[in-house]
Number of protein chains: 2
Amino acid sequence: MTTVLIADDQPLQRFGFRMLLESQDDMTVLGEAANGAEAVRMTAELHPDVVLMDIRMPGLDGIEATRRIVATGDRTRVLILTTFDLDEYAYAGLRAGASGFLIKDAQPEELLSGIRSVATGDAVVAPSLTRRLLDAYAHRLPTTTPAPARSGTPLPDPRLASLTDREREILTVIGKGWTNTEIATRLHLAESTVKTHVGRILAKTGSRDRIQAVILAYDTRLVEPS
Amino acid sequence: MTTVLIADDQPLQRFGFRMLLESQDDMTVLGEAANGAEAVRMTAELHPDVVLMDIRMPGLDGIEATRRIVATGDRTRVLILTTFDLDEYAYAGLRAGASGFLIKDAQPEELLSGIRSVATGDAVVAPSLTRRLLDAYAHRLPTTTPAPARSGTPLPDPRLASLTDREREILTVIGKGWTNTEIATRLHLAESTVKTHVGRILAKTGSRDRIQAVILAYDTRLVEPS
DNA sequence: GCCACCGTAGTACCGGGGTACCACGGCCCT
DNA sequence: AGGGCCGTGGTACCCCGGTACTACGGTGGC
């Protein structure tokens with residue numbers, strides 16, 4: 001029997017997870033936490049096999065909560081779930097000691113098998129992230145830029161060369177039409193920070209406003225037309 | 001017995017909704033749609049009492065799907081669910097003919113009672129939005145626009161169907177990143193005229209701002225990436 | 001040990017974008 | 001002759017986006 005703790009700030013999301021897990025006869029939900037602090041506290045108390053951890057939560061976020069749970073040396077494993085497959089989240093999550101990283105977009109079956117994998121000590125990463133993750137770790141030692149992007153992967157456009165990783169992430173979501181407020185909320189940032197990022201992106205890419213940036217994101221294939 | 005169709009692009013979210021609804025003995029889930037087009041098709045086929053509609057979906061979004069469902073004259077009611085309580089979404093959604101507008105952040109009970117209200121013909125709006133909506137709509141009546149839209153030119157995408165030729169022209173240059181002032185000077189128009197056009201385009205396409213319109217222009221291939 | 005860069009965050013300000021509302025002439029119907 | 005839609009134009013108003021600063025902790029390079 002695999003015991004699970006659900007940590008997510010959205011009640012409805014928690015409900016969905018709980019129903020899904022309890023429909024399986026080899027899983028039990030020990031409890032639900034609405035924020036990172038609760039997650040840490042309840043883990044120390046209940047010792048679940050797996051914590052299903054959302055990243056974006058008020059107060060203590062999922063990354064920091066993961067870090068603290070792992071630091072206790074408890075055998076509890078953390079499986080991180082996010083809405084967006086932003087690389088930086090994956091890096092941060094795994095760096096914090098998470099055993100897995102899945103996107104909420106996944107099929108229920110994937111989630112279940114992910115939990116089972118993590119419970120038995122395996123690690124699991126969303127397919128869409130695996131390659132990029134490997135790439136990132138491959139050139140973590142040398143600073144040399146990894147081979148000039150094979151066909152199939154988004155090719156690096158010179159216009160984006162001067163952007164930092166973070167800025168490229170922000171540009172991606174600008175390209176998806178997110179407002180500054182949305183970016184701030186979903187990425188757990190202050191709006192002033194978002195504005196700083198956006199301003200630098202516009203300056204570096206020579207775009208006069210975010211609309212030009214959206215167009216740039218499409219033209220560089222940073223964002224694909226749907 | 002209230003019959004419900006769930007339209008959401010996230011499988012896990014759909015699962016949560018389904019479980020929640022089917023735990024009630026006065027509700028049945030007729031089916032699940034993963035995008036707007038599916039939602040429209042399945043509604044025409046299954047005639048549910050209520051469609052639980054997410055706004056953000058690939059391809060045809062929730063607003064446009066709502067518009068089409070309402071346009072059929074069917075007695076199916078649409079209840080829109082979003083993650084963020086952005087006024088613009090609410091406006092666009094209600095303008096498209098939705099009977100309700102709730103935030104996913106809500107308690108399960110609120111969602112259930114919302115569905116019941118909508119099914120019996122009542123309208124329901126998230127508490128956090130109600131006042132602002134009333135203020136905004138106190139003086140405006142719903143426009144049931146069938147729109148003749150004779151297709152003199154080959155219409156590339158159904159989402160643009162309700163636009164007039166002129167509006168499609170304006171949308172094209174919006175997609176190229178022109179500002180209102182630029183459009184005015186280059187097209188020999190007054191800026192107020194441009195604003196009128198832009199406003200109508202946003203309303204008809206359910207875009208909350210010109211950035212969404214730019215994205216729409218790319219997605220519908222009205223503007224090609226360079 | 002120091003410095004440059006990055007990511008974060010703040011304040012203050014202004015202009016453009018978007019909305020609401022109104023108006024009018026020219027069409028094309030019936 | 002009227003009715004509808006379309007394209008045009010106007011005014012008033014508010015809010016978000018963008019700019020221009022400043023600032024500070026962490027990390028990595030030299």
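We name chains A, B, ... by the order of the sequence lines, and we start the count at 1 in each one.
For C:dA9, neither phosphate oxygen OP1 nor OP2 lies less than 4.0 angstrom from any side-chain nitrogen or oxygen of A:Ser192. Remark: B:His197 is not in phosphate contact with D:dG7, judged by side-chain N or O atoms under 4.0 Å from OP1 or OP2. Listed pair A:Arg166 / C:dT8 meets the phosphate criterion, a side-chain N or O lying under 4.0 Å from OP1 or OP2. B:Thr193 has a side-chain polar atom (N or O) that falls below the 4.0 Å cut-off from OP1 or OP2 of D:dG9. The phosphate of D:dG7 (OP1 or OP2) has a side-chain N or O of B:Thr164 nearer than 4.0 angstrom.
Partners of B:Glu182 under the side chain to side chain contact (heavy atoms under 4.5 Å, CB included) rule, at least two apart in sequence or in another chain, are A:Arg208, B:Trp178, B:Thr179, B:Arg186. Taking B:Glu169 as the reference, B:Arg166 meet the salt bridge (charged side-chain N to carboxylate O under 4.0 Å, His left out) condition, with sequence neighbours excluded. Taking A:Ala190 as the reference, A:Ser192, A:Thr193 meet the side chain to side chain contact (heavy atoms under 4.5 Å, CB included) condition, with sequence neighbours excluded. For B:Glu167, the salt bridge (charged side-chain N to carboxylate O under 4.0 Å, His left out) test picks out B:Lys204, with sequence neighbours left out. With sequence neighbours left out, B:Asp219 forms a side chain to side chain donor-acceptor pair (under 3.5 Å) with A:Tyr218, A:Ser226. Applying the side chain to side chain contact (heavy atoms under 4.5 Å, CB included) rule to B:Arg14 yields the partners B:Ile6, B:Asp8, B:Pro11, B:Glu32, B:Ala34; only residues at least two apart in sequence or on another chain are considered.
Computed from coordinates, the B:Ile170 CD1 to D:dC6 P distance equals 14 Å when rounded to whole Å. Put simply, NZ on B:Lys204 is 10 Å from P on D:dC5, counting in whole angstrom units. If you measure from atom CD of B:Glu169 to atom C1' of D:dC6, you get 13 Å, rounded to the nearest angstrom. Protein atom CD1 of A:Ile174 is 17 Å distant from nucleotide atom P of D:dC16, rounded to whole Å. The interatomic distance linking A:Gln212 (CD) with D:dG17 (C1') rounds to 14 Å, in whole Å. Between A:Arg200 atom CZ and D:dA20 atom P the separation is 14 Å, expressed in whole Å.
Evaluation of the ring pair (Phe, Tyr, Trp, His ring centres under 6.0 Å) test over residues 60-81 of chain A, restricted to residues two or more places apart or in two chains, returns none.
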Atom pairs under 3.5 Å: protein N/O with N/O of nucleotides 16-18 of chain C:
from   : atom 1 : to       : atom 2 : distance (Å)
C:dG17 : N7     : B:Lys195 : NZ     : 3.2
C:dG18 : OP1    : B:Arg210 : N      : 2.5
C:dG18 : OP2    : B:Arg210 : NH1    : 2.6
C:dG18 : N7     : B:Lys195 : NZ     : 3.0
C:dG18 : O6     : B:Lys195 : NZ     : 2.7

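Comparing the local axis fitted to the first five base pairs of the helix from C:dG1-D:dC30 to C:dT30-D:dA1 with the one fitted to its last five gives a bend of 50°, rounded to 10°.
B:Leu79 pairs with exactly one of B:Val51, B:Thr66, B:Leu52 by the side-chain contact (heavy atoms from CB on, under 4.5 Å) rule, that one being B:Leu52.
With salt bridges taken as basic N to acidic carboxylate O contacts below 4.0 Å, none links A:Glu191 and A:Lys195.
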